[in-house]
Amino acid sequence: QVQLVESGGDLVQPGGSLRLSCAASGSIFGFNSMGWYHQAPGKQRELVARIIRDGRTNYADSVKGRFTISRDNAKNTVYLQMNSLKPEDTAVYYCKTMEVVTSKTYWGQGTQVTGSS
């Protein structure tokens, strides 16, 4: 079974930085799309950033210029470098991957990010 292992969430002051990691394993095909979503209390889950296997990326307007998504295909790992964190970035961040060939979608358990003083 495919497993996603997330790490990196923490409590940081506004203006601080974090780096989230998500390691995907258990697939015989690998993954096409890998990305991060977040969900704040009382709000819908929404896309933060996404990266395709060929390197193409998408970002939410709210994080452009502050967050950078990257991936290591050899390790099946996706990263989210978060700089200049704001209180409004506070949310649970979920890793999402789409498997090649099967097009199955997998979600991580989420990691809490809090940008507050």
Quiz item: Are Met82 and Val12 connected in the hydrophobic side-chain network, where two residues link if heavy atoms are under 4.5 Å apart?
Solution: yes
Quiz item: Hey, is CD on Gln112 packed in by over 12 heavy atoms from elsewhere, all under 6.0 Å?
Solution: yes
Quiz item: Do we see a donor-acceptor contact under 3.5 Å between the side chains of Ser27 and Glu99?
Solution: yes
Exercise. Please report the closest heavy-atom contact between Asn32 and Ile52, naming both atoms and the distance.
Key: OD1-CG2, 3.2 Å
Self-check item: Spacing of Arg53 atom CZ and Asn76 atom CG [to the nearest 0.5 Å]
Solution: 10.0 Å
Quiz item: What is the distance from atom CD1 of Ile51 to atom CE of Met34, rounded to the nearest 0.5 Å?
Solution: 9.5 Å
Self-check item: Partners meeting salt bridge (charged side-chain N to carboxylate O under 4.0 Å, His left out) with Lys86 (sequence neighbours left out)
Solution: none
Self-check item: Spacing of Glu6 atom CD and Leu20 atom CG [to the nearest 0.5 Å]
Solution: 8.0 Å
Exercise. Evaluate whether atom CD of Glu88 has more than 12 neighbouring non-hydrogen atoms of other residues, nucleotides or ligands under 6.0 angstrom away.
Key: yes
Quiz prompt | Atom pair SG (Cys22) and CD (Gln109), whose distance is rounded to the nearest 0.5 Å | solution = 11.0 Å
Quiz item: Hey, mind stepping through Arg45 and His38 against side chain to side chain contact (heavy atoms under 4.5 Å, CB included) and telling me if it holds?
Solution: CA-CA 5 Å; Arg45 190 175 300 184; His38 70 188; over 6 Å; no
Quiz prompt | Cys95 vs Trp107, side chain to side chain contact (heavy atoms under 4.5 Å, CB included): CA-CA, chis, key distance, verdict | solution = CA-CA 6 Å; Cys95 180; Trp107 290 90; over 6 Å; no
Quiz prompt | Nearest heavy atoms of Ala24 and Thr97, plus distance in Å | solution = CB-CG2, 4.4 Å
Quiz item: What are the two closest non-hydrogen atoms of Ser84 and Ser17, and how far apart are they?
Solution: N-OG, 4.3 Å
Quiz item: Does Tyr93 belong to the same Ile/Leu/Val/Met/Phe/Trp/Tyr cluster as Leu11, with side-chain heavy atoms less than 4.5 Å apart forming each link?
Solution: no
Quiz item: Closest approach of Gly108 and Leu4, non-hydrogen atoms and distance?
Solution: N-CD1, 3.4 Å
Quiz item: Do Val78 and Tyr37 belong together in a cluster built from hydrophobic side chains that touch within less than 4.5 Å?
Solution: no
Practice problem: Supply the atom-to-atom distance Leu80 CG to Thr111 OG1, rounded to the nearest 0.5 angstrom. | Solution: 11.0 Å
Exercise. Say whether Val63 and Val92 are linked into one hydrophobic cluster, either directly or through other cluster members, by side-chain heavy-atom distances under 4.5 angstrom.
Key: no
Quiz item: Do you know the tightest heavy-atom contact between Asp89 and Arg66?
Solution: OD2-NH1, 2.8 Å
Quiz item: Out of curiosity, does Met98 fall in the hydrophobic cluster containing Tyr59 (side-chain heavy atoms, cut-off under 4.5 Å, transitive links)?
Solution: no
Practice problem: Work out which heavy atom in Ala40 is nearest to a heavy atom in Ala91; give both atom names and the distance. | Solution: N-CB, 3.8 Å
Practice problem: Go through Asn73 and Phe31 one step at a time and tell me if the side chain to side chain contact (heavy atoms under 4.5 Å, CB included) criterion holds. | Solution: CA-CA 9 Å; Asn73 291 329; Phe31 304 95; over 6 Å; no
Quiz item: Any side-chain heavy atom of Thr68 sitting closer than 4.5 Å to one from Tyr79?
Solution: no
Quiz item: Any side-chain heavy atom of Lys104 within less than 4.5 Å of one from Phe29?
Solution: no
Exercise. Enter the distance from Gln81:CD to Phe67:CZ here, rounded to the nearest 0.5 Å.
Key: 9.5 Å
